[in-house]
J.: 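Take a look at this one; I'll ask things after.
Numbered from 1 within each chain, the chains take letters A, B, ... in sequence-line order.
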There are 2 protein chains.
Amino acid sequence: MAQPTVPTGPDRGDRAALAGDAVRRIMHIASAMRHYQDVEVAELGLTPAAARALHELDPDRPLPARDLAEQLRCDRSNVTALVDKLEQAGLVERRVDPTDRRQKTLVVTEAGRRMRDRVHQVMSDSRLLGGLTTDELATLSQLVWKVSDGGCPEQCGGE
Amino acid sequence: MAQPTVPTGPDRGDRAALAGDAVRRIMHIASAMRHYQDVEVAELGLTPAAARALHELDPDRPLPARDLAEQLRCDRSNVTALVDKLEQAGLVERRVDPTDRRQKTLVVTEAGRRMRDRVHQVMSDSRLLGGLTTDELATLSQLVWKVSDGGCPEQCGGE
DNA sequence: TATTGTTATACTCTATAACTATA
DNA sequence: TATAGTTATAGAGTATAACAATA
C-alpha cells in the first residue's frame with residue numbers, strides 16, 4: 001500500500017484479485033495506446049486494420065493471403081478488402097503463386113516497405129510508458145515477454 | 001540475456017527499443033485478452049460494447065448518460081443504442097433527473113448488478129497471466145498501476 | 001472433394017450532423 | 001444560446017455463406 005513505487009496499489013496477498021486488477025489495467029493501457037496508434041496511423045492515410053495488416057507482412061518473406069488472415073486472427077474474406085486498399089495505395093502487390101494457382105502471394109513494394117517502417121514506429125510508440133524508470137521498463141519488458149511466450153493456451157503465433 | 005525468468009528477451013541497453021518491444025507485446029497480449037472477453041461476454045448475451053458500458057456503470061452511483069459516454073471515451077450518440085440494449089435486457093433503467101429534465105440518469109437494476117458482477121469476472125479473467133509466478137504477478141501489477149496512474153498525458157479517467 | 005480467394009450480406013462499433021426538449 | 005439525449009447516416013471492422021477457379 002505504502003510502497004515507494006506504487007502510490008495506491010491493489011491488495012497484496014490475493015493472487016486472483018491481483019491478477020484481475022492487472023488484467024483490467026493492462027486493457028485500460030492498451031485501449032489508450034490503441035487510441036493513439038489509430039490517430040497516428042490515420043495521418044499516414046491508413047485505416048487501423050490496413051495498418052495492422054501491413055505491419056504483419058514481412059517485406060522479405062511474401063505470404064499467401066490465407067496466412068495473413070491467420071496472423072490477423074480474422075476471416076480470409078476480410079483480407080480481400082484490406083489488401084485491396086493496400087494494393088490501391090501501391091504498398092502491396094498480389095502475385096499468383098505459380099506452384100498453386102489458387103494462392104495469391106502478397107508482396108510488399110518498396111513504398112510499402114517504407115510505410116511499414118513508419119507504421120512500425122507508430123505501433124512502438126511508448127509515450128504511455130514514459131513514467132517508468134529504465135529499470136522498471138526492463139522489468140516490465142521481461143514480464144510481458146514471459147506472458148506472450150508462455151501464457152497463450154491456444155493460438156498464439158508470436159512474432 | 002540469460003536470466004532465468006526470460007528465455008529470449010529483447011536487447012537490453014536501448015531504452016527506446018525496449019519500450020517499443022514492450023508496447024507491441026502489451027498490445028498483443030491485450031488483443032488476445034479482448035478476444036477471450038468478447039467470446040465470454042457474448043455467452044452472457046451481451047455485445048462487447050454493451051458489456052463494457054455496463055461494467056463502467058457503478059450500481060451504487062447512478063450516472064447521467066453524458067458521463068458514461070465520457071468514461072467510454074465515445075460520442076454521446078452511441079450511448080443511446082447501448083443503453084437501449086441494456087434497458088431492453090432489464091439491466092439498466094433510464095430516469096429523468098428532476099433537477100435538470102434534460103438529463104437521464106442511468107440506474108443499474110438488481111439483475112443488472114448481478115450481470116455486472118459476471119461481466120467484471122470476465123473482464124478480470126487472468127488465464128493469460130497464468131505463466132507468471134505470484135511474485136512476478138505482483139511486480140507486473142505494480143508496474144501497470146504506475147503506468148495507468150501517471151503515464152496518461154490527456155484524458156485518463158482512471159477507475 | 002477440398003481449398004484459395006472473392007463476393008454478397010449482415011451486425012456491431014463509432015463518428016458527424018441535425019433535431020427535440022429543456023435550461 | 002447552450003446543453004442532454006436522440007435520430008439519421010456513413011465508414012470501418014468482422015463473421016457467415018455461397019461462388020469460381022484450381023488442386
J.: Contacts to DNA chain C from residues 62-70 of chain B, heavy-atom cutoff under 4.0 Å, which residues?
T.: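 Under 4.0 Å from DNA chain C: no residue of residues 62-70 of chain B.
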J.: Just list the side-chain donor-acceptor pairs under 3.5 Å for residues 37-45 of chain B, sequence neighbours left out, or say none.
T.:
residue : atom : partner  : partner atom : Å
B:Gln37 : NE2  : B:Met123 : O            : 3.3
B:Glu40 : OE2  : B:Arg127 : NH2          : 2.2

J.: Got a sec, which pairs hit salt bridge (charged side-chain N to carboxylate O under 4.0 Å, His left out) with one end in residues 88-100 of chain B, sequence neighbours left out?
T.: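 Of all non-adjacent pairs touching residues 88-100 of chain B, those that pass salt bridge (charged side-chain N to carboxylate O under 4.0 Å, His left out) are B:Asp84-B:Arg94, B:Glu87-B:Arg94, B:Glu93-B:Arg95, B:Asp100-B:Arg102.
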J.: Ion pair present between B:Arg66 and B:Glu70, side-chain N to carboxylate O less than 4.0 angstrom?
T.: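 Looking at B:Arg66 and B:Glu70, the cut-off is met.
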J.: Pairs under 3.5 angstrom, nitrogen or oxygen only, protein versus nucleotides 10-14 of chain C, please.
T.:
residue : atom : partner : partner atom : Å
C:dC13  : OP1  : B:Thr47 : OG1          : 3.0
C:dC13  : OP1  : B:Pro48 : N            : 3.3
C:dC13  : OP1  : B:Ala49 : N            : 2.8
C:dC13  : OP2  : B:Thr47 : OG1          : 3.2
C:dC13  : OP2  : B:Lys85 : NZ           : 3.0

J.: Testing the basics here: between A:Thr133 and B:Arg15, what is the closest heavy-atom pair and its distance to 0.1 Å?
T.: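 Heavy atoms of A:Thr133 and B:Arg15 come nearest at C-NH1, 3.5 Å.
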J.: Assess, by modelled atom type and distance only, whether the side chains of B:Asp75 and B:Ser77 contain a donor and an acceptor separated by less than 3.5 Å.
T.: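 A donor-acceptor contact under 3.5 Å links the two side chains.
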J.: Do other residues, nucleotides or ligands put more than 12 heavy atoms under 6.0 Å from A:Arg101 CZ?
T.: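 No - once you tally the heavy atoms of other residues, nucleotides and ligands closer than 6.0 Å, there are 12 at most.
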J.: For A:Ser77 and for B:Arg76, find the nucleotide of DNA chain D with the closest heavy atom, then tell me which residue's nucleotide is more 5'.
T.: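 This one resolves to B:Arg76.
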J.: Atom CG of A:Asp84 and atom C1' of C:dT7: how far apart are they, to the nearest Å?
T.: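 Those two atoms, CG and C1', are 11 Å apart.
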J.: To which residues is A:Val96 joined in a hydrophobic cluster, defined by side-chain heavy-atom contacts under 4.5 Å among Ile, Leu, Val, Met, Phe, Trp and Tyr, whether direct or through other members?
T.: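 Grouped by the 4.5 Å side-chain rule, A:Val96 forms a cluster of one, so the answer is none.
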J.: Would you grab the first and last nucleotide of DNA chain D (5' to 3') that comes under 4.0 Å of any non-hydrogen atom in chain B?
T.: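 Range of nucleotides touched by chain B: D:dA2 to D:dT7.
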J.: Assess whether side chain to side chain contact (heavy atoms under 4.5 Å, CB included) is satisfied between B:Leu86 and B:Val108, documenting all intermediate values.
T.: CA-CA 9 Å; B:Leu86 294 175; B:Val108 178; over 6 Å; no
J.: Do B:Tyr36 and B:Ile26 share a hydrophobic cluster, counting only Ile, Leu, Val, Met, Phe, Trp and Tyr and linking them when any side-chain heavy atoms are less than 4.5 Å apart?
T.: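 Yes: a chain of side-chain contacts under 4.5 Å links B:Tyr36 to B:Ile26.
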J.: So which of B:Leu68, B:Val107, B:Leu57 actually passes side-chain contact (heavy atoms from CB on, under 4.5 Å) with B:Val92?
T.: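 When B:Leu68, B:Val107, B:Leu57 are each tested with B:Val92, the side-chain contact (heavy atoms from CB on, under 4.5 Å) holds only for B:Leu57.
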